[in-house]
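Notes for the one structure printed next.
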Amino acid sequence: MQLKLKIFGLHTATKINIMSKLFLPQELIRKKRDGLTLNDLEIGFLVQGITDGSLTDAQLGAFAMAVFKCGMTMDERVSLTQHMMHSGDTLQWQDLNLDGPVVDKHSTGGVGDKISLMLAPIVAACGGYVPMISGRGLGHTGGTLDKLESIPGYSGTPSNTKFRHLVKEIGCAIIGQTAKLAPADQRFYATRDVTATVESIDLITASILSKKLASGLDALVMDIKTGNGAFAANYTMAQELAQSIANVSSKSGVPTSCLITDMNQVLGHSVGNATEVKECINFLIKPENANLRLLELTIELAAHMLQLSGIESDLEAARLKSQDALTSGKAASIFEQMISALGGPSDLLEKSHKYLVPMPIIEPIVSSSSGYVSEMDVRAIGLSMIHLKAGRTKSSDPIDHGVGLSDIIEIGKWVDKGEVLAIGHTRDKDQLNYLQETIPKLISLSDKRIEPPILIHEILGSN
């Protein structure tokens, strides 16, 4: 560890020169391929090569596959995470003299997961500072930044100076990842995406945490989704990922709790970009009408953020504080301030219909039979949105912010033949016909009522 710190303190050119004389990339790849453990200095050399391009795409792909096949020890995961975190800028907050902790939440992604948009303002209203750096949608799950960019004028790419200023003045800001924040992760993830090495607990842990820890957090809460609409569809994988993230983050100096939550049905009652923003606005201004599962999970995540960061000493007090921030309208006010400060309209809550323009066709998707909703293929529902360009298959794809579904029926509800399963928001009849053909096949009905799946399965911390 002392050697690593000494090398980090050297001029970059000197550091590269020293390490290039010590190591050959192919030998370190061979070492990991053969199941051996890499030390901190060796991992630092590889991450430097990822960042500056001296590690070729072929070598990076080979290293990713070696890790995928052979795994990493906990010490290796911590080392990889910390070196990736230090591959670019790291945010510091001490000079701003904040009067509360810096805390954040990250979700592994789900269909209809729009919680960040309400959660950040709620926690800010309770005295936390939330520098939330979010991503775009890729695959069947939507991206927080895509949702926000359905709001006219919203810019998720401020300078670090402006970002820090907004967090101090407003209490929260939701932006996209900059090229200077954990740049090693950006290149590494792109390589993993095309080399079938995404599904690695070691690499997922380092990817998520390198970005989050670079934000200078005092505490972190993770929402690990599991179920047919989640990346970690297998519960065992969700547990392994949650424990890995909790351990690595805590060993890196940031206390972390991981909630394993259900993704066997759409979260909330809408999917899309503008449709989800509309649901968030309604949630903030009329929480009494909010989808109950969405409300419960939002408050629970907020409570864990408040308790873990020290704002409240126990979860029950934290829940009450979070609920008050929502029902009092404080969170809604902070949300609107954040939107305006990042280029959006200052009257979004009052005139959302003006800025989130309705689609040309808004019509019901009806059931072809009767019964209790017993199951839904959430992943396929997400993929249906991609088919209509509400999501993307590669990062460069443009998306249609207006296409979506609202009023999606929940598991356990009875539906008669011809009754509404969801409302389609489309640009033309062909898109609506596609949804009418597709969605009923993805929602299973039964003669017997099925209880909705448990929302929060387990909560894990470091061990």
Problem set entry | Derivation of the side-chain contact (heavy atoms from CB on, under 4.5 Å) call for Ser384 and Ile439 | CA-CA 8 Å; Ser384 74; Ile439 298 302; 3.9 Å; yes

Exercise. Do Leu356 and Val277 come close enough that some side-chain heavy atom pair is under 4.5 Å?
Worked result: yes

Problem set entry | Identified side-chain hydrogen bond (donor to acceptor under 3.5 Å, both in side chains) counterpart of Lys225 within the set Thr261, Thr108, Asn264 | Thr261

For this session: Answer with yes or no whether the side chains of Thr195 and Thr197 bring together a donor and an acceptor at under 3.5 Å.
Result: yes

Seminar exercise, completed: Note: Ile311 and Pro101 closest approach over all heavy atoms is CG1-CG, 3.6 Å

Exercise. Is the side chain of Asn228 donor-acceptor paired with the backbone N or O of Asp377 at a distance under 3.5 Å, no angle test?
Worked result: no

Exercise. Side-chain contact, heavy-atom cut-off 4.5 Å: Asp223 with His106?
Worked result: no

Exercise. Got a salt bridge between Asp104 and Lys211, using NZ or NE/NH1/NH2 to carboxylate O under 4.0 Å?
Worked result: no

Exercise. Does a side chain donor of either Ser309 or Asp218 reach within less than 3.5 Å of an acceptor in the other side chain?
Worked result: no

Exercise. Less than 4.5 Å apart, any side-chain heavy atom of Pro25 and any of Phe63?
Worked result: no

Exercise. Is the number of heavy atoms from other residues, nucleotides or ligands within 6.0 Å of CG (Leu320) greater than 12?
Worked result: yes

Exercise. Within a reach of under 6.0 Å around CD1 of Ile454, are more than 12 heavy atoms found that belong to other residues, nucleotides or ligands?
Worked result: no

For this session: Keeping the roles fixed (side chain from Ser322, backbone from Ala318), state whether a donor-acceptor pair exists under 3.5 Å.
Result: yes

Seminar exercise, completed: Nearest heavy-atom contact between Pro453 and Arg293 is O-NH1, 2.8 Å

Problem set entry | Heavy-atom side-chain contact between Ser215 and Val102 under 4.5 Å | no

For this session: Please tell me if the side chains of Ile208 and Met222 come closer than 4.5 Å, counting only heavy atoms from C-beta onward.
Result: yes

Exercise. Taking the side chain as C-beta and beyond, is there a heavy-atom pair between Glu458 and Leu460 under 4.5 Å?
Worked result: yes

Problem set entry | Exam field: side chain Lys114 to backbone Leu267, donor-acceptor pair closer than 3.5 Å | yes

Exercise. Any chance the side chains of Thr256 and Ser249 put a donor and an acceptor closer than 3.5 Å?
Worked result: yes

Exercise. Side chains of Asn247 and Ser462: do they bring a donor and an acceptor to under 3.5 Å?
Worked result: no

Exercise. Ser406 side chain to Ser270 main-chain N or O, any donor-acceptor pair under 3.5 Å?
Worked result: no

Exercise. With distance as the sole test, does Ser210 use its side chain to make a donor-acceptor pair with the main-chain N or O of Ser207 at under 3.5 Å?
Worked result: yes

Exercise. Would you say the side-chain atoms of Arg379 pair up with the backbone N or O of Gly229, donor to acceptor, closer than 3.5 Å?
Worked result: no

Seminar exercise, completed: Separation between CD (Glu410) and CD1 (Ile443), nearest 0.5 Å, reads 11.5 Å

Exercise. Step by step, would you call Val67 with Ser200 a side-chain contact (heavy atoms from CB on, under 4.5 Å)?
Worked result: CA-CA 8 Å; Val67 173; Ser200 161; 4.2 Å; yes

Exercise. Are any side-chain N or O atoms of Glu276 and backbone N or O atoms of Gly272, one a donor and one an acceptor, separated by less than 3.5 Å?
Worked result: yes

For this session: Please work out which of the three classes, parallel, tilted or perpendicular, describes the rings of Trp93 and Phe163, given edges at 30° and 60°.
Result: perpendicular

Seminar exercise, completed: Residues Val103 and Val123: closest non-hydrogen pair is CG1-CG1, 3.9 Å

Exercise. Donor-acceptor pair, Thr191 side chain versus Arg187 backbone, under 3.5 Å?
Worked result: yes

Exercise. Where do Met385 and Gly404 come nearest, in terms of heavy atoms and distance?
Worked result: SD-CA, 3.7 Å

Problem set entry | Lys31, NZ atom: more than 12 neighbouring heavy atoms under 6.0 Å | yes

For this session: Please step through side-chain contact (heavy atoms from CB on, under 4.5 Å) for the pair Tyr154 and Ile174, ending with a clear verdict.
Result: CA-CA 10 Å; Tyr154 191 94; Ile174 305 176; 4.0 Å; yes

Problem set entry | Heavy-atom side-chain contact between Glu437 and Lys441 under 4.5 Å | yes

Exercise. Is the shortest distance from a Lys or Arg side-chain nitrogen in Glu27 or Arg30 to a carboxylate oxygen in the other one below 4.0 Å?
Worked result: yes

Exercise. Taking all atoms of both residues into account, what is the closest heavy-atom pair of Ser116 and Lys105, and its distance?
Worked result: OG-NZ, 3.0 Å

For this session: Give, for atom CG of Leu388 and atom CG of Leu435, the distance between the pair rounded to the nearest 0.5 Å.
Result: 5.0 Å

Exercise. Can you list the residues that meet the side-chain hydrogen bond (donor to acceptor under 3.5 Å, both in side chains) rule with Arg319, with sequence neighbours excluded?
Worked result: Glu300, Glu316

For this session: Hey, could you give me the NZ/CG distance between Lys321 and Leu326, rounded to the nearest 0.5 Å?
Result: 14.5 Å

For this session: Indicate yes or no for a side-chain donor-acceptor contact from Glu279 to the backbone of His269 under 3.5 Å, with no hydrogens or angles considered.
Result: yes

For this session: State, yes or no, whether a side-chain contact exists between His457 and Asp262 at a heavy-atom distance under 4.5 Å.
Result: yes

Problem set entry | salt bridge (charged side-chain N to carboxylate O under 4.0 Å, His left out) contacts in which one or both residues fall within residues 73-94, not counting sequence neighbours | Lys32-Glu76, Arg77-Asp202

Exercise. Side chain of Ser250, backbone of Ala246: donor and acceptor closer than 3.5 Å?
Worked result: yes

Exercise. So how far is it from Ile386 CD1 to Ile381 CD1, rounded to the nearest 0.5 Å?
Worked result: 13.0 Å

For this session: With rounding to the nearest 0.5 Å, note down the distance linking CG in Leu294 to OG1 in Thr298.
Result: 4.5 Å

Problem set entry | Minimum heavy-atom distance Leu220-Val254, with the two atoms named | N-CG1, 4.0 Å

For this session: Report, as yes or no, whether the 6.0 Å neighbourhood of atom NZ on Lys162 holds more than 12 heavy atoms from other residues, nucleotides or ligands.
Result: yes

Seminar exercise, completed: Residue set satisfying side-chain hydrogen bond (donor to acceptor under 3.5 Å, both in side chains) with Asp400, at least two apart, ordered chain then number -> Arg427

Problem set entry | Side-chain H-bond candidate by donor/acceptor type, Asp99 with Tyr129, under 3.5 Å | yes

